[in-house]
Amino acid sequence: MRHIYQQGSDLTAPVLVLFHGTGGTEQDLLPLAQAISPTSSVLSVRGNVLENGMPRFFRRLAEGIFDEEDLIFRTKEVYDFLDAAAIEHGFDRSNVVAIGYSNGANIAGSLLFHYPNAFRAAILHHPMVPRRGIPLPDLSDTPVFIGAGKNDPICSPEESEELERLLSDAGSDVHVHWENSGHQLTRSEVFAAAEWLKGIS
Ligand code: MLT
């Protein structure tokens, strides 16, 4: 997968894996990594799917309606890519923290739903429930931060709460940070995510 890898100054700090939103690129979230954990190594990935020229991590049939078959295929593709990237770049695969926004949060969420050791922790900005009706792996060692907007028209508060419940039921220690805003990624939720990560590192 197309990506950027930047080695950090602290090789014991969590490796941040960045997943952009629809229409983004692997450049987009680099400032977020800097704000959240400036000494970390960073792997920033570009989604392999194009929707009208806009990169994404998996296909959708309509806004909020995912192509489940493609989602499962792309989730494995990212999982395999992370394993290969850890070998190629020489980082600790067991110390990876996902940071995703919107479609990027949804692919990161899907990795959590399908694989027990996908990430050491995950920061999901404005995620949705990636799949319903499947058993989740044991996530008791995988804390999750959810940044949600009370007026988010894409990820409703009810859906954010449903995701919190599903992850908690799988054993994850979930922290939901609420903003009064909509779908946009706000500075204050990024700061909240940075504080949260310090608390779990
Ligand atoms: C998705 O397709 O993953 C969600 O609708 C969020 C987005 O618009 O990218």
Side-chain angles (χ1 to χ4, degrees), residues 1-21 24-48 55 57-58 71-127 130 136-147 163 167 170-175 185 189-190 192-201:
M1 297 182 77
R2 189 152 162 185
H3 66 280
I4 295 170
Y5 180 72
Q6 295 174 342
Q7 186 153 308
S9 57
D10 179 0
L11 297 183
T12 65
V15 177
L16 306 180
V17 178
L18 311 180
F19 300 101
H20 61 78
T25 73
E26 66 279 18
Q27 302 283 346
D28 285 21
L29 301 188
L30 292 174
L32 226 65
Q34 189 60 29
I36 290 179
S37 178
T39 59
S40 283
S41 298
V42 178
L43 176 71
S44 189
V45 190
R46 184 186 293 202
N48 266 349
F57 287 92
F58 55 88
L71 174 62
I72 294 165
F73 174 79
R74 300 290 171 190
T75 301
K76 181 172 187 318
E77 185 179 52
V78 172
Y79 186 82
D80 292 344
F81 167 75
L82 294 177
D83 284 353
I87 295 166
E88 182 189 344
H89 298 293
F91 63 79
D92 179 0
R93 178 68 186 86
S94 65
N95 197 15
V96 166
V97 172
I99 304 179
Y101 167 61
S102 191
N103 180 247
N106 293 339
I107 192 74
S110 181
L111 278 139
L112 294 172
F113 270 46
H114 289 96
Y115 298 100
N117 301 310
F119 303 117
R120 181 177 155 213
I123 295 173
L124 307 178
H125 294 288
H126 303 267
L136 268 60
D138 177 5
L139 295 174
S140 42
D141 288 331
T142 314
V144 177
F145 174 99
I146 295 176
L163 181 61
L167 292 168
S172 176
D173 185 359
V174 186
H175 175 75
L185 182 50
E189 79 184 79
V190 173
E195 286 307 308
W196 174 83
L197 186 61
K198 277 188 207 129
I200 63 131
S201 295

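The structure displayed is predicted, hence computed values, not measured ones.
Leu139 approaches Pro116 most closely through the heavy-atom pair CD2-O, 4.4 Å. Heavy atoms only, all atoms of each residue included: Ala35 and Ala194 are closest at O-CB, 3.8 Å. Shortest non-hydrogen contact noted between Phe19 and Ala98 is CE1-CB, 4.0 Å. Residues Ile200 and Arg120 approach most closely at O-NH2, 3.4 Å, considering heavy atoms. Closest approach of Ala122 to Trp196, counting heavy atoms only: O-CH2, 3.7 Å.
Side-chain contact between Phe145 and Leu197 is absent, with no heavy-atom pair separated by less than 4.5 Å. Proximity of Val78 to Val45: side-chain heavy atoms (C-beta onward) are nowhere separated by under 4.5 Å. The shortest side-chain heavy-atom distance between Tyr5 and Ser41 falls under the 4.5 Å cut-off. Using a 4.5 Å cut-off on side-chain heavy atoms (C-beta onward), Val15 and Asp92 make no contact. Under the 4.5 Å side-chain criterion, counting only non-hydrogen atoms from C-beta, Pro130 is in contact with Leu163. Contact annotation: the side chain of Ser9 approaches that of Thr39 to within less than 4.5 Å [non-hydrogen atoms, C-beta and beyond]. Residues Leu18 and Ile36 have side chains not in contact (no heavy-atom distance under 4.5 Å, counting atoms from C-beta outward). Counting only heavy atoms from C-beta outward, the side chains of Leu71 and Phe57 never approach each other to under 4.5 Å.
In this structure, the side chain of Thr142 does not engage the main chain of Ser172 through any donor-acceptor pair within 3.5 Å. Of the possible polar contacts, none joining the Ser140 side chain to the Gly171 backbone as a donor-acceptor pair under 3.5 Å is found. With hydrogens and angles disregarded, a donor-acceptor distance shorter than 3.5 Å links the side chain of Arg93 to the backbone of Ala118. Without hydrogens or angle criteria, Asn95 side chain to Thr12 main chain gives a donor-acceptor distance under 3.5 Å. Remark: side-chain polar atoms of Asp173 are not paired, donor with acceptor, to backbone N or O of Pro143 under 3.5 angstrom. At distances below 3.5 Å, at least one donor-acceptor pair connects side-chain atoms of His114 with backbone N or O atoms of Ser110. Checked by atom type and distance alone, the side chain of His20 never pairs as donor or acceptor with a backbone atom of Leu29 at under 3.5 Å.
Note that the CD1 atom of Ile107 and the CG atom of Leu112 stand 10.5 Å from one another [nearest 0.5 Å]. Taking CD of Gln34 as the reference point, atom CD of Gln6 lies at 8.5 Å (rounded to 0.5 Å).
Ala105 meets the side chain to side chain contact (heavy atoms under 4.5 Å, CB included) test with Leu124, Pro127; sequence neighbours excluded. Applying the salt bridge (charged side-chain N to carboxylate O under 4.0 Å, His left out) criterion to Glu195, with sequence neighbours excluded, gives Lys198.
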Verdict with supporting geometry, Leu82 and Leu43, side chain to side chain contact (heavy atoms under 4.5 Å, CB included): CA-CA 9 Å; Leu82 294 177; Leu43 176 71; 3.8 Å; yes
Phe119 vs Val144, side chain to side chain contact (heavy atoms under 4.5 Å, CB included): CA-CA, chis, key distance, verdict: CA-CA 10 Å; Phe119 303 117; Val144 177; over 6 Å; no
Stepwise side chain to side chain contact (heavy atoms under 4.5 Å, CB included) check, Ile123 with Leu32: CA-CA 11 Å; Ile123 295 173; Leu32 226 65; over 6 Å; no
Phe58/Thr75 under side chain to side chain contact (heavy atoms under 4.5 Å, CB included): CA gap, chis, key distance, verdict: CA-CA 8 Å; Phe58 55 88; Thr75 301; over 6 Å; no
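Taking the six-membered ring for Trp and thresholds of 30 and 60 degrees, Tyr79 and Tyr115 have nearly parallel ring planes, at less than 30 degrees apart. Between Tyr101 and His126, the angle of the ring planes goes over 60°, which puts this pair in the perpendicular group of the 30/60° scheme.
A centroid separation of less than 6.0 Å is found between the aromatic rings of His3 and Phe81.
Counting non-hydrogen atoms of neighbouring residues, nucleotides and ligands closer than 6.0 angstrom, the CG atom of Asp80 exceeds 12 such neighbours.
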